[in-house]
Amino acid sequence: MTRIFSGVKPTGHLTLGNYLGAVRQWVAADQEPDEALFCVVDLHALTVEHDPARVRRLSRQAATLLLASGLEPARCTLFVQSHVDEHTRLAYLLECTATDGELRRMVQYREKATRARDAGEGVRLSLLTYPVLMAADILAYGTDRVPVGEDQRQHVELTRDLAVRFNQRYGHTFAVPEATHPVVAARVMDLQEPTSKMGKSGDAGPGVVFMLDEPAVVTRKVMRAVTDSGDGGVVLDREKRPGVANLLDILAACTGGEPAALADGYQGYGALKRDVAEAVVETLRPVRERHAELAADPGGVEKVLRAGAERARGLARPVVDRAYRAIGLLEP
Ligand code: TRP
């Protein structure tokens, strides 16, 4: 059995990047419920300035969107992180395993801390310890594989280091997980700033396509994507033409083609953008439709989440209890 675990953070509306880079591969994994765990990691949304009502709304929406994308409760465990205490229980033990230095080195921490300071906000301590909680999310389930976007690679590396260190010091307790990334569109970039990730948390700029955007909005955003000056037709050149490369990657991810080969089919950027817009609209259409149905019955989604939390608790509890004993805490 290979157990997979992944999480999505309810800090903003889910984007096309979340869908192509993560959610879609989760759906494709052919799994049993105790092999595939997908989590709305709401505790992680509290590491930066937040509005309680918004976090609540986005958590529900993220769960609904995951179901709408095709995650089936019969074939995976879908739940909300804060419903399962084992995550925070284990996070503390891992804080006693990690060092201050290794957390301060995390690229995402440094970027976000700088942003918070620039905005005149305090940097929450939980922003620093965030990767430890993420490690707890993963290790609590004896996870083998963590399907995530490339930007999470460093966090999964840290998780591995912590698992190995804990096992060496206190005896074998955790499986050592591995990150896996999708081949194309692991990182969908912002349509306006193709050198930065299409992020849900930043300003909801015109370069970000949300999963629930209306088709007309998707089309407008894609048609206005920055390309690059330079003639010679459409070529795949990630260094010199990141905007065009991003469009080709998105098209490839939506249509199943190959970015370089797709480039050959176009003379100009206009036609490429029209095809990208159409491909994205068609890719998202069934998800939007299903989301509307599911959102009309919030009780149904809650029921799925409650059952998911119960199943998740049953899986995590013995692992975390074992870690408590191993590290030197008395049995209650
Ligand atoms: N840090 C991840 C992100 O920002 C979200 C996350 C939290 C996660 N815990 C996780 C992803 C565990 C995979 C496994 O996207």
Side-chain angles (χ1 to χ4, degrees), residues 2-26 29 35-48 50 55 58-59 62-63 65-66 71 76-84 86-88 90-91 94 98 103 106-113 115 124 126-163 174-182 186-188 196-202 208 211 308 312 315-316 319:
T2 302
R3 185 168 285 167
I4 69 180
F5 182 103
S6 199
V8 60
K9 199 169 46 171
T11 43
H13 297 282
L14 294 189
T15 69
L16 178 67
N18 296 122
Y19 184 70
L20 296 178
V23 176
R24 216 175 46 161
Q25 357 161 39
W26 304 351
E35 294 176 344
L37 293 112
F38 301 109
C39 187
V40 177
V41 288
D42 54 350
L43 296 172
H44 287 278
L46 311 184
T47 54
V48 289
H50 78 285
V55 169
L58 288 173
S59 295
L65 266 175
L66 294 183
L71 285 187
C76 69
T77 296
L78 174 65
F79 69 106
V80 175
Q81 184 187 30
S82 65
H83 293 175
V84 180
E86 267 47 51
H87 295 242
T88 48
L90 180 55
L94 296 177
L103 287 168
M106 294 287 123
V107 172
Q108 214 166 65
Y109 166 72
R110 290 160 60 148
E111 286 174 2
K112 288 189 181 171
R115 225 178 294 149
R124 296 184 182 182
S126 54
L127 187 67
L128 179 64
T129 56
Y130 176 126
V132 175
L133 179 58
M134 176 166 166
D137 299 339
I138 296 167
L139 299 182
Y141 297 95
T143 303
D144 303 295
R145 249 173 13 85
V146 187
V148 278
E150 295 277 357
D151 63 312
Q152 296 301 313
R153 190 187 284 278
Q154 196 183 27
H155 292 160
V156 179
E157 275 304 311
L158 175 78
T159 303
R160 291 166 57 85
D161 290 346
L162 296 181
F174 300 121
V176 181
E178 225 173 275
T180 53
H181 311 287
R187 254 192 127 181
V188 175
S196 40
K197 182 182 131 173
M198 184 183 278
K200 60 182 171 329
S201 318
V208 179
M211 286 175 71
L315 294 171
V319 179

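One-based numbering, in listed order, for ligands and for the atoms of each. By convention here, the first residue in the shown sequence is residue 1.
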Using a threshold of 4.0 angstrom between heavy atoms of the protein and any atom of ligand 1, which residues qualify?
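Ligand 1 is contacted, at a heavy-atom distance under 4.0 Å, by Phe5, Ser6, Gly7, Lys9, Val41, His44, Tyr130, Met134, Asp137, Ile138, Val146, Val148, Gln152.
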Between His155 and Tyr109, is the ring centroid distance below 6.0 Å?
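Centroid separation for His155 and Tyr109: 6.0 Å or greater.
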If we ignore hydrogens and angles and just use 3.5 Å, is the side chain of Arg124 paired with the main-chain N or O of Leu46 as donor and acceptor?
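Yes, Arg124 side chain to Leu46 backbone: donor-acceptor pair under 3.5 Å.
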Can you find a pair of side-chain heavy atoms, one from [X] and one from [Y], that are under 4.5 Å apart?
X	Y	answer
Leu133	Leu43	yes
Met211	Thr15	no
Pro131	Leu103	yes

Would you say Ser59 and Asp42 are linked by a side-chain donor-acceptor pair, where the criterion is simply a distance under 3.5 Å?
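On atom types as modelled, these side chains do not qualify, holding no pair under 3.5 Å.
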